Amino acid sequence: MEKYNPKEIEKKWQEKWEKSDINKAVDFDKRPKYYALLEFPYPSGAGMHIGHTRNDSMMDVMVRLRRMKGYNVLFPIGWDAFGLPTENYALKTNRNPAEVTKENTDNFLRQMKSLGLSFDYDRIVDTTDPKYYKWTQWIFLKLLEKGLAYKAEMPINWCPKCKVGCANEEVIGGVHERCNTPVETKNLSQWVLKITEYADRLYDDLDYVDYLESIKISQRNWIGRKPWIDIEMQVVMPVQDQTVSNNTDETPDIESNNIDKDKVKIADGLRLLDRKSDDSDFKRIEDVKITIATSRPDTNFGATFVVLAPDCDYVEHLKKYMSSETISRVEEYSLQTSKKTQADRISEGRKKTGVFTGLYTINPLNNEKLPIFLADFVMKDVGTGAVIGVPGHDRRDYEFSQVYDLPVIRVVKTLDGKDSEIESIDDVQEAEGIMMNSGFLDGMEIHDAIPAVMDYLESKGVGKKVIRYNLHDWNFSRQRYWGEPIPVVFCDKCGTVPLPEEQLPLTLPEMSKYELTEDGTSPLSKVSEWVNTTCPKCGGPAKRETDTMPNWAGSSWYFMRYCDPNNDQALADKDKLDYWMPVDFYEGGSEHINLHLLYSRFWYKFLGDIGYASNNRLSDEEAKKILESGKIKERHQEVLKGREPYLARAIHGIVLGEGGVKMSKSLGNVINPDNLIAEYGADVTRAYMLFMGPYDVTCEWSDRTIIGVRRWITRMWNYIGKQIDVLPTDNDNATAPILNNTAGNHEDGLEKSDKISDIGLAVKQLAYEVEEDILGLKFNTAISLIMKFINEHEEDLLNYDSVLDLIKIMAPITPHLAEELWFQVGQPFSVHNSEWVKYNVSDFKKSTVVIPVQFNGKVRGRIEINVDADEQSVIDSILADSSLNRNLPEGKYKKVIFVPNKIINIIV
RNA sequence: GCCGAGAUGGUGGAACUGGCAGACACGCAGGACUUAAAAUCCUGUUCCUGCAUAAGGAGUGCGGGUUCAAUUCCCGCUCUCGGCACCA
């Protein structure tokens, strides 16, 4: 056998594979299908990241094994190529983004092939290809047609640096996630998708899928469905003028107003009346009510004030009933608030500020008078923008109460009975507890009190239960060039007109420069010959929409396109979708478990609803029945068609640079897989990626231990090579490896028999264990198993069948090496088409087993016993064993715990 | 603050539903081969006491608990990572 030369054999087999069809998925094949989906990469100029290398290699191993196990595997790849980095790069170098993209995807493709990844390269999809985005645009038109896309003048997050509107999701801690610039608010007319209409189904249908539990929790939290109650409260104003001073900078002259200093509190120059004041001190302002929203009405007996968001609509209405001085204070405060960015608020440490309006509302539970404040800690778009302040049981309310010296009342005692005064923020009790000081709620647990008080308020006609979501509609407009044009025109006569389907794709015009505009509109707005068009409805002059779609659009349905990538009649053939969908296993990063998952689930559901995702969708009732009958696992595929795109979803760990920092160009710690492949070969590189650590755990890059993997692979090559060399060969053709030798044992004189040799059995057991590990995504231990095997059996000789078995075991992990050895041993192309090792699990049973012997819970030795030996016989053996029985003087003991074939523990 | 994940030798990491902690690998030490180096191979390698390849003790982030037995289960913490966040 030649020396192991990965460069030569890897190139040779990659070329052969490319010409063959061994990796092709076969539509409608009778074998069971397996759809393994990998999040398609963004083809950046830097090429494949080591993280891609690792994840792709892992999936490749799993998929290769599944093919050998008899599955018809769909393992596709594509490019999520629209988006800012490419556009910014093109802007900087004044090149066409399409050209840059082509360069990048070519590079990725080369790298993937050089790793020997077994994608079905005939099914590549590219989101920037007009043949692809024609259908992205088509889906948008369908959404528009069904009323799920609308245009709204809405405040958007505006990044002043990128000059682009960002989705809430792209704003992290008040700054744009891409460039870390604090975002501003700007009003722009935006396309918005009504994902909230699917909120319940996106929430509930998680019961049908088999994601990691943490992913489901994350999805549910993001949707944030919670029961709330909106409580309508009457606004009242004090009968008497409450002004204390014209100038807050001066100490109010309490004495001269005959106000008792100890009993009266001052807020923004106004006297603050006690919440228990008599009704006659106030007059109702007819028809003026505010609706506060809360999900914790259980604590409302402890309410002592009400707070409005400074920019909410109530403020304008209430101004009529405020003094001019208060109005100017309110306006000043609102102005200051509007200038603050989220980042400002965070940097201020969320210090509470506010303004007293001089007005009050009446708590319907106890008729107490609650002063109304404005404060910027209340958000306009959460609930109704008006909240009821319960300082005893909400930390923010407590902080606010301290600013105005408002009363703090405990209405929930702790589970262990603590009911003392709330005197500091640490006493504020937000979670679990028992109601007190709360009238008819007293003694209830908070979880019981919530529905009870909701029912009460609703029955009194002052409250209305509402389900609210954290999820907001999806801002679908980007003021950018490098995205899918939104296929809509604006006509003076006909208004907003969707392009007719025949006019799709609406392609991006070529531009000489891709500069951004100062007013924040898309660069497309400058291409007048593209913008100015005719109205498809009336034929008159019209202008095209110049905003483009967000990056999320193309990735929201690519998994469907893979099923039928070249279809020009439909986004994909429905029978093919029925055959391949749902995705059996979706592999990806944690960064996409919220939005991408939500968006793509939404689109798939929508397409299912309008009949484009499946021919065989079960009705909701049938699906529910299956879920309730507990047969969901068996009938997963059936239930998910047209309903949920992914059956299972996992999250890979990421690869950090040395020292645990992220790899980045600026730090210069990026590892290029090309260099690894050049130095060690693809098989070693792949295997090392797997051996680094478990699939789902973050690991730090280090190339120190790659040497161990190379040693192992070289040893495997030499070991199997040696076996092939000593196999009996055809005498007429001594130089060629045996071609037709199917003889069992090559040890002379050994009789052929059906019985497998010990070593042959060990190989089969190895195959079984490696298979278990690979399918369980435990790639690192799969390799350990093979390492251990060769450590133990390096001197042993294998027969022909066992050599084949061992090559097969290597095939998923080191596909090139296995293919070459398969060829050397004289088997026809390709090992990757061969059937996985056949074994019989019952053959692996041994007749004896070694178990640890414990005395008083401490291991003092081991003993070999017959499998399934009973307790007494084990004790007898221990008594007979000179190294063990000295722990048992006179053979006396108190108690024995015996776990058959596992352990024996003798209490002396 | 909330949600999620995690913490095991010098290092990466094993240990299935509670049953031999440290598999496998790196590194290190010693040895073989070699003029030498690389490569390769062999031996040892959790820590402590011991001449020990004798025997014993400690040990899976920290403190408790359950159990014959805990890395694994329970209670209370600490720290690290990821996500969300004035969601009332």
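Residue numbering restarts at 1 for every chain, and letters A, B, ... go by the order of the sequence lines. All values reported here derive from a predicted model rather than from experimental measurement.
With a 3.5 Å ceiling on both atom-pair distances, the Watson-Crick or G-U wobble partner of B/rU40 is B/rA32. Across all strands shown, B/rU80 pairs with B/rA5; the Watson-Crick or G-U wobble distances both stay below 3.5 Å. The partner of B/rU66 cannot be assigned: no Watson-Crick or G-U wobble pair with both contacts below 3.5 Å exists in any strand. When both distances must be under 3.5 Å, the Watson-Crick or G-U wobble mate of B/rG59 does not exist.
Here B/rG27 is in the anti range [glycosidic angle more than 90° from 0]. Glycosidic conformation of B/rG50 is syn; the angle stays within 90° of 0.
Judged purely by atom type and a 3.5 angstrom limit, A/Tyr4 has no side-chain atom pairing as donor or acceptor with the backbone of A/Leu817. Between the side chain of A/Asp473 and the backbone N or O of A/Thr196 there is at least one donor-acceptor pair closer than 3.5 Å. A/Asn470 contributes a side-chain N or O that, together with a main-chain N or O of A/Trp222, makes up a donor-acceptor pair within less than 3.5 Å.
Residue A/Thr294 is in sugar-phosphate contact alone, with no base atom involved, counting any heavy-atom pair closer than 4.0 Å across all strands shown. Residue-level contact check: A/Val378 touches the bases, meaning some heavy atom is under 4.0 Å from a base atom. Within 4.0 Å (heavy atoms only), A/Lys662 reaches no atom of the nucleic acid at all. Across all strands shown, A/Ile707 has heavy atoms under 4.0 Å from sugar-phosphate atoms exclusively, and none from any base. Heavy atoms of A/Thr705 sit under 4.0 angstrom from primed sugar atoms or phosphate atoms, though from no base atom. Heavy atoms of A/Arg715 sit under 4.0 angstrom from primed sugar atoms or phosphate atoms, though from no base atom. Here A/Arg860 lies in heavy-atom contact (under 4.0 Å) with sugar-phosphate atoms only. The residue A/Asn470 sits close to a base: some heavy atom pair falls under 4.0 Å. Within 4.0 Å (heavy atoms only), A/Arg704 reaches sugar-phosphate atoms of the nucleic acid but no base atom.
Among B/rC3, B/rG13, B/rC86, the nucleotide with an atom closest to any side-chain atom of A/Ile217 is B/rC3. In this structure, the nucleotide among B/rA88, B/rC16, B/rC84 sitting nearest to the side chain of A/Lys902 is B/rC16. The A/Pro694 side chain lies nearest to B/rA14 when the options are B/rC84, B/rA14, B/rG27. Taking only side-chain atoms of A/Lys788, from C-beta outward, the nucleotide of B/rA23, B/rA14, B/rA88 with the closest atom is B/rA23. The side chain of A/Lys352 lies closest to B/rC86, out of B/rC86, B/rA88, B/rC3. In this structure, of B/rA85, B/rG19, B/rC87, it is B/rG19 that holds the atom nearest to the side chain of A/Val899.
Looking at A/Arg296, its side chain has no donor and acceptor atom pair within 3.5 Å of the base of B/rA88. On a pure distance criterion of 3.5 Å, no polar donor-acceptor pair joins the side chain of A/Lys226 and the base of B/rC87.
Comparing the C1' positions of B/rA52 and B/rU17 gives an interatomic distance of 41 Å, to the nearest angstrom. B/rC87 and B/rC68 have their P atoms separated by 48 Å, given to the nearest Å. Taking atom P in both B/rA15 and B/rC24, the straight-line distance is 13 Å, to the nearest Å. For the C1' atoms, the distance from B/rA70 to B/rC75 is 15 Å, rounded to whole Å. Straight-line distance between the P atoms of B/rU71 and B/rG44: roughly 27 Å, to the nearest whole Å. The separation of B/rU34 from B/rA29, taken at their P atoms, amounts to 23 Å, rounded to a whole angstrom. To the nearest whole angstrom, the two P atoms, one in B/rA7 and one in B/rG61, are 7 Å apart. Between B/rU49 and B/rC26, the two C1' atoms lie 30 Å apart (nearest whole Å).
Within the structure, every pair that satisfies the salt bridge (Lys or Arg N to Asp or Glu O under 4.0 Å) test and touches residues 372-390 of chain A, not counting sequence neighbours, is listed here: A/Lys340-A/Asp376. Listed by first and then second residue, the ring-ring contact (aromatic ring centres under 6.0 Å, His included) pairs involving residues 770-794 of chain A are A/Phe789-A/His793 (not counting sequence neighbours).
Side chain to side chain, A/Thr384 and A/Tyr314 fail the donor-acceptor criterion of an N or O pair below 3.5 Å. Judged by distance alone, the side chains of A/Thr781 and A/Asp773 do bring a donor and an acceptor atom under 3.5 Å apart. Side-chain atoms of A/Tyr211 and A/Gln219 include no donor-acceptor pair closer than 3.5 Å.
Close to B/rA21, at under 4.0 Å from its OP1 or OP2, lies no side-chain N or O of A/Lys858. Residue A/Arg395 places none of its side-chain N or O atoms closer than 4.0 Å to OP1 or OP2 of B/rC2. OP1 or OP2 of B/rC26 has at least one side-chain nitrogen or oxygen of A/Arg711 nearer than 4.0 Å. Within the 4.0 Å cut-off from OP1 or OP2 of B/rC86, not a single side-chain nitrogen or oxygen of A/Arg396 is found. The side chain of A/Asn901 places no N or O atom within less than 4.0 Å of a non-bridging phosphate oxygen (OP1 or OP2) of B/rG19. Side-chain nitrogen and oxygen atoms of A/Asn221 include none within less than 4.0 Å of the OP1 or OP2 phosphate oxygen of B/rG83.
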Readout for nucleotides 65-72 of chain B: B = base within 4.0 Å of protein heavy atom, S = sugar-phosphate only, - = neither; 5' to 3' it is ---B----

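Taking the ring axis of A/Tyr203 as reference, the NZ or CZ atom of A/Arg225 stays within 45° of it and closer than 6.0 Å to the ring centre.
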